[in-house]
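First comes the structure, then the notes that go with it.
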Amino acid sequence: MKNYEIAAMDKKELLSKIEELENRLADLNFYQAIEPAQNPMVFRNSKRDIARMKTRLTQIDRQEKSNA
């Protein structure tokens, strides 16, 4: 997911997308125990996307606190 796509999301969208990606990552880890992943870059990209989204959430929270 690109940074501009993450920046365009609001707080609710970010929270739901983070939950979805974390569930997907958990499933991937589960299936990796059974059979090796065909594309190991999926793990790295998912973790990075989650980190980018959590960073954006922090930025939104800070903006809300400074505006209040």
Side-chain angles (χ1 to χ4, degrees):
M1 186 166 252
K2 302 288 183 180
N3 283 335
Y4 65 87
E5 294 172 336
I6 294 171
M9 292 181 177
D10 65 351
K11 194 171 185 177
K12 290 179 185 178
E13 290 175 328
L14 284 171
L15 289 171
S16 66
K17 190 69 175 177
I18 288 171
E19 183 178 349
E20 176 186 326
L21 284 175
E22 285 177 341
N23 290 336
R24 179 178 167 219
L25 190 60
D27 289 342
L28 287 172
N29 283 329
F30 175 75
Y31 290 120
Q32 184 182 17
I34 298 170
E35 180 180 333
Q38 293 176 355
N39 184 3
M41 292 299 291
V42 173
F43 296 102
R44 180 187 294 180
N45 292 337
S46 295
K47 288 178 184 178
R48 286 182 178 179
D49 286 343
I50 291 169
R52 284 188 195 112
M53 289 181 195
K54 286 185 177 181
T55 300
R56 180 65 183 139
L57 271 177
T58 304
Q59 291 172 348
I60 291 172
D61 288 340
R62 286 183 182 168
Q63 287 176 351
E64 289 175 353
K65 287 181 183 178
S66 67
N67 291 338

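As a basis for the values below, the full set of heavy atoms in this structure was taken, side chains included, without hydrogen atoms, waters or symmetry mates.
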Just how far is it from atom [atom1] of [X] to atom [atom2] of [Y], taken to the nearest 0.5 Å?
X	Y	atom1	atom2	result
L15	E19	CG	CD	8.5 Å
I18	I6	CD1	CD1	9.0 Å
L21	D49	CG	CG	6.0 Å

Residues in salt bridge (Lys or Arg N to Asp or Glu O under 4.0 Å) with E20, at least two apart?
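Scan of E20 (salt bridge (Lys or Arg N to Asp or Glu O under 4.0 Å), adjacent residues dropped) gives K17.
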Checking R56 now: which residues fulfil salt bridge (Lys or Arg N to Asp or Glu O under 4.0 Å) with it, not counting sequence neighbours?
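Result, salt bridge (Lys or Arg N to Asp or Glu O under 4.0 Å) vs R56: none returned.
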Taking side-chain contact (heavy atoms from CB on, under 4.5 Å) as the criterion, tell me which of L28, D27, N29 meets it with Y31.
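The residue from L28, D27, N29 that satisfies side-chain contact (heavy atoms from CB on, under 4.5 Å) with Y31 turns out to be D27.
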Scan the side chains in residues 60-68 for donor-acceptor partners under 3.5 Å anywhere in the protein, sequence neighbours excluded, and list what turns up.
{"from": "D61", "atom 1": "OD1", "to": "K11", "atom 2": "NZ", "distance (Å)": "2.8"}
{"from": "S66", "atom 1": "OG", "to": "R62", "atom 2": "O", "distance (Å)": "3.4"}
{"from": "S66", "atom 1": "OG", "to": "Q63", "atom 2": "O", "distance (Å)": "2.9"}
{"from": "N67", "atom 1": "ND2", "to": "Q63", "atom 2": "O", "distance (Å)": "3.2"}

What I'd like to find out is whether the side chain of K54 reaches to under 4.5 Å of the side chain of T58, using heavy atoms alone.
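Side chain of K54 against side chain of T58, heavy atoms only: no contact under 4.5 Å found.
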For E5, all residues meeting side-chain hydrogen bond (donor to acceptor under 3.5 Å, both in side chains), sequence neighbours excluded
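With neighbours one apart ignored, the set is empty.
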For residues 32-47, which side-chain N or O atoms pair as donor and acceptor with protein atoms under 3.5 Å away, sequence neighbours left out?
{"from": "N39", "atom 1": "OD1", "to": "M41", "atom 2": "N", "distance (Å)": "3.2"}
{"from": "N45", "atom 1": "ND2", "to": "M41", "atom 2": "O", "distance (Å)": "3.3"}
{"from": "S46", "atom 1": "OG", "to": "V42", "atom 2": "O", "distance (Å)": "2.9"}

Which residues pass the side-chain contact (heavy atoms from CB on, under 4.5 Å) test with D10, sequence neighbours left out?
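For D10 the side-chain contact (heavy atoms from CB on, under 4.5 Å) partners, ignoring immediate neighbours, are K12, E13.
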Should Q59 and T55 be marked as a side chain to side chain contact (heavy atoms under 4.5 Å, CB included) after you check the CA-CA gap, both sets of side-chain angles, and the distance that decides it?
CA-CA 6 Å; Q59 291 172 348; T55 300; 4.1 Å; yes
